[in-house]
Amino acid sequence: MWCLELLLPLLLFISDASCQWNVWLPRDISAMTNSCVVIPCTFMYPSGIRPSRGIHGIWYFGQPYPQLFPPVVFKSRTDVVHESYKGRTKLLGDLHQRNCTLLINNIGTEHSGRYYFRADLGGANIYTYPDFTELKVLDQPNIDVPEEIVSDESLELTCYAPDNCPDMTPEIQWMYTDYLPDPEFSTDLVEESNTAVLSNTLTFTPRPMHNGQLLGCRVYYPNTTLAYERLISLDVKYAPRSVWVNASSEVMEGSSVTLHCEVDSNPPARIAWMFGDQELLWDTASNVSLMLDDVTPANEGIYTCVGDNGYGIMNTSLYLAVKYPPYEPVVNDSITVVEGTTLALHCSTQGSPAPTLTWLKDGQLVGTITADELSVLTIVEITPQGDGQYRCLAENEHGRASSSLNITVEYAPVLLEESKCTVVREGVQCVCMATGNPEPTIEFYLPDLNITINETDGRYNFYTHTDGHTSTGMIKLREKGERVDNGSPAVNVHCSISNAYGRESILLELQQEKKYMMAVIVGTIGGVAVIAFIIAAVRYVGHNNKKENGNPRQDVVLENPALYYSAVKKDKQNLRKKVLKTELLGSKFNSILEETTGEDGDYQSVGTMAGLERQELNYASLEFIGARSREGASGRRDDGSNYTEIKAK
C-alpha cells in the first residue's frame with residue numbers, strides 16, 4: 001500500500017509534464033427535479049502555458065461553440081448567465097487547482113442536456129473541451145425491470161435514485177408489496193465517475209395471480225417536501241393455467257350450436273378447437289368460439305380446446321350429444337320357412353337417446369322390449385300360428401320409426417273341426433275344411449267313387465272354396481240313404497287333404513239327427529209366432545182407425561138383423577206373396593239358429609208354397625152396412641169387452 005502512495009505523486013508529475021488540453025467529467029449524471037446536482041470536473045492544459053491574468057472558466061449548455069451563442073450556465077468573470085440559470089449555478093471547484101466542479105440548484109426538466117466547460121487562460125489560450133456531461137433531470141425514480149418476468153421464477157426489481165446533491169440524501173421505499181409472497185429488500189449505494197446512485201432491490205417469486213398487479217417505488221428527501229413515485233404493472237409470463245369451455249351439452253339434429261373456449265395465459269395462447277385429430281379452428285387470442293350449423297349425428301363426439309403460448313400447454317374437452325329420432329330400422333328380408341324351423345329376426349337402428357325396440361306380430365307384442373340399438377327376436381320351431389307380418393318399432397322421446405317383414409310358414413294340411421256331415425232338407429251335406437300352406441287340395445271319397453273337383457252326379461254336387469291358407473270342400477248327397485238302427489241315415493264319406501308336405505284322410509262323422517229335428521221344431525214355433533204377431537198388429541191398427549172415425553167398437557149391430565155374407569174369393573197370387581213373406585221370416589230364423597248352434601240351418605219352414613198350393617183356401621170378406629146397436633145381438637161382457645155375434649152359413 002505504501003508503494004502506491006509513493007508512486008502516485010510520480011504519476012501526477014509525469015502527467016503534468018506531458019498533458020495537453022483535457023478534461024475529466026462524468027459522461028452521464030442524473031438528478032431529481034427541484035433538487036440539486038454537482039457535476040464533478042477536472043481540466044488540464046498544456047504545461048507550457050502560463051496564465052497571465054489568472055484562470056477563468058465558462059460552462060455552456062447544449063453546444064461548445066461560442067460563435068453559436070449557446071446558453072451560458074456559469075461564467076467566472078461576470079454574473080452574466082442565461083436567465084434560466086440565474087441564481088441557480090455556483091462553481092464549487094478552484095480553477096487554479098484545475099477543478100471546474102459545478103453546482104446547479106433547483107433544477108428542472110428543462111435543464112436536461114449536455115454541459116460543456118471552456119477554460120480561459122488569457123490571450124489566445126482559450127479552449128472549449130469537446131467532452132461533455134449529459135444531465136438527466138428525473139421527475140420519477142428509475143426501476144430496473146427484467147425484460148421477461150416468468151411465473152414461479154425468482155424476480156429482482158431495483159429502484160434507483162441519484163445521490164448527487166451534497167445537501168440532500170434520498171431514501172427509497174417500495175409500495176404495494178403487501179400481497180407479495182415473502183418479499184426481500186436490500187439497499188446499495190453505487191459510486192461511479194464521481195457520481196452516486198442509491199438503489200433498493202426488491203426480491204420475490206411472482207405467481208400468475210401477480211400478473212397486472214401494481215408495484216411502486218417512492219423516493220423522498222427527509223426534512224423536505226420533495227417526494228417522487230413511480231408505478232409499474234407486472235407483466236408475468238405464465239403457461240395456460242385454465243381452459244374453460246361450455247359444459248357438455250345436447251342439441252337437436254339440424255340445429256346450431258356455439259362452442260366457447262377461454263384460456264387464461266400470458267401471453268395469449270394459440271387456441272385451437274380439435275375434433276378427434278382434426279383441427280377445426282385456431283386463433284391467437286384469449287378466447288375462440290366454434291360455430292356448428294345444421295348439426296348431424298356425425299357431429300356428435302368429443303371436442304377439445306387446446307391452448308399453447310410457448311410457456312406451456314393445456315387442454316379441456318367437452319362432449320356434444322346430438323339428439324335425433326330413430327332412423328328406419330333395418331330388419332331381415334321377408335322369408336318363407338317350413339314349420340319347425342328356428343328363426344332369428346334382427347332389428348337394428350340408430351337414435352339418440354338410444355331407442356327402445358319392440359317386436360309386434362300383426363299388431364300384438366311379441367318378445368321383449370329392448371332399450372338398445374339392436375334387438376334379436378328368436379322364434380324356436382315356428383308353428384303355422386307364427387305366419388304373419390312382423391314389425392320392429394323403434395321409439396325415443398323425439399319420434400318413432402318402424403320396418404316390417406313377412407314370414408310365411410309352409411306346413412302340412414290340418415283338418416279343421418268344422419269338417420262333418422249333417423242332415424239337411426235335401427239330404428245329407430258333408431263339409432271338409434283344412435288349413436295348410438300351400439293351400440291343401442280336398443277330395444271326397446265315397447264307397448263306390450272317388451270324388452274330384454268339378455265332378456257331379458245325380459246323387460251329389462261338389463263345391464270348393466279357398467280363403468288364404470284354408471280350403472273348404474262341400475258335397476250334398478241328394479238321397480239320405482238307408483237308415484241305421486238308431487234311425488240316422490247311413491253315410492260313409494271320407495275326406496282327403498293334401499299338399500306338398502303331407503296327406504291325411506279321415507271319415508266324416510254324421511251329425512246327430514235330433515239336433516236337426518229340434519231345429520225343425522224351433523223353426524216351426526218361430527214361424528207361427530211371427531204370423532200371430534202380424535195378425536195382432538193388423539187388428540190393432542184396424543181398431544185404432546175405427547176409434548178415430550168416431551165409431552165406437554162396442555154396441556155395433558146391423559140395422560137389418562139378417563147378416564150379409566160375402567162371396568168366397570180365390571186369390572192365389574196374393575196368397576203366394578203372404579206365404580213367401582212368411583217363408584223369408586222362417587229362413588232368417590234358421591240362419592240365426594245356425595249361427596247359435598253351429599248346425600246347418602237348411603230346415604223346412606212351416607207351410608211351404610207347394611203344400612199350400614195343394615189346398616183350396618177359402619176366405620171371406622165381411623162388410624157391415626148400416627150397423628147399429630141392438631140388444632141381444634151384441635152386448636158387453638162382464639169383463640168390459642165388447643163383442644158382436646156373427647153367424648155363418
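Counting begins at 1 with the first residue of the sequence.
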Worksheet entry | Geometric cation-pi criterion Arg118 and Tyr60, 6.0 Å radius, 45° cone |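 Geometry flag: not set, cation outside 6.0 Å or 45°.
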
Worksheet item: What residues, two or more places apart in sequence or in another chain, satisfy ring-ring contact (aromatic ring centres under 6.0 Å, His included) together with His210?
Response: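 His210 satisfies ring-ring contact (aromatic ring centres under 6.0 Å, His included) with Tyr179 only.
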
Practice prompt. If a pair satisfies side-chain hydrogen bond (donor to acceptor under 3.5 Å, both in side chains) and one of its residues is in residues 357-366, list it, with sequence neighbours excluded.
Written response: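 side-chain hydrogen bond (donor to acceptor under 3.5 Å, both in side chains) check on residues 357-366 returns Trp359-Ser375.
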
Worksheet item: Please, which pairs that meet side-chain hydrogen bond (donor to acceptor under 3.5 Å, both in side chains) have at least one residue in residues 277-287, sequence neighbours excluded?
Response: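 Those involving residues 277-287 are Arg270-Glu279.
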
Discussion item. Just to verify, what does Pro353 make a side-chain contact (heavy atoms from CB on, under 4.5 Å) with, not counting sequence neighbours?
Written reply: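 Once residues adjacent in sequence are excluded, the partners of Pro353 under the side-chain contact (heavy atoms from CB on, under 4.5 Å) criterion are Lys323, Asn396, Glu397, His398.
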
Pairs where [range] contributes a residue and the test ring pair (Phe, Tyr, Trp, His ring centres under 6.0 Å) is met, not counting sequence neighbours:
{"range": "residues 127-172", "result": "Trp21-Tyr127, Tyr116-Phe132, Tyr127-Tyr129"}
{"range": "residues 220-265", "result": "none"}
{"range": "residues 62-106", "result": "Tyr85-His111"}

Practice prompt. Decide yes or no on side chain to side chain contact (heavy atoms under 4.5 Å, CB included) for Val366 and Leu377, but give the supporting numbers first.
Written response: CA-CA 8 Å; Val366 292; Leu377 176 64; 3.9 Å; yes

All pairs passing disulfide (SG to SG under 2.5 Å) where [range] contributes a residue, at least two apart:
{"range": "residues 225-322", "result": "Cys261-Cys305"}
{"range": "residues 119-202", "result": "Cys36-Cys165, Cys159-Cys217"}
{"range": "residues 69-138", "result": "Cys41-Cys100"}

Consider only side-chain N and O atoms of [X] and [Y], and report whether a donor and an acceptor are under 3.5 Å apart.
{"X": "Thr201", "Y": "Thr158", "result": "yes"}
{"X": "Asn164", "Y": "Thr195", "result": "no"}
{"X": "Tyr115", "Y": "Glu134", "result": "no"}
{"X": "Asn266", "Y": "Asp235", "result": "yes"}
{"X": "Asn99", "Y": "Thr101", "result": "yes"}

Worksheet entry | Close side-chain approach of Ile382 to Ile407, heavy-atom, < 4.5 Å |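 Yes, at least one pair of side-chain atoms sits under 4.5 Å.
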
Practice prompt. Measure the shortest side-chain to side-chain distance between Leu234 and Leu215 over non-hydrogen atoms and say whether it is less than 4.5 angstrom.
Written response: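 Leu234 reaches Leu215 side chain to side chain.
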
Practice prompt. May I have all residue pairs that pass salt bridge (charged side-chain N to carboxylate O under 4.0 Å, His left out) and include part of residues 155-173, sequence neighbours excluded?
Written response: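 Not a single pair qualifies under salt bridge (charged side-chain N to carboxylate O under 4.0 Å, His left out).
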
Discussion item. Does anything in residues 67-84 form a salt bridge (charged side-chain N to carboxylate O under 4.0 Å, His left out)? List the pairs, not counting sequence neighbours.
Written reply: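 For residues 67-84, and leaving out neighbouring residues, the salt bridge (charged side-chain N to carboxylate O under 4.0 Å, His left out) pairs sorted by first residue read Arg77-Asp120.
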
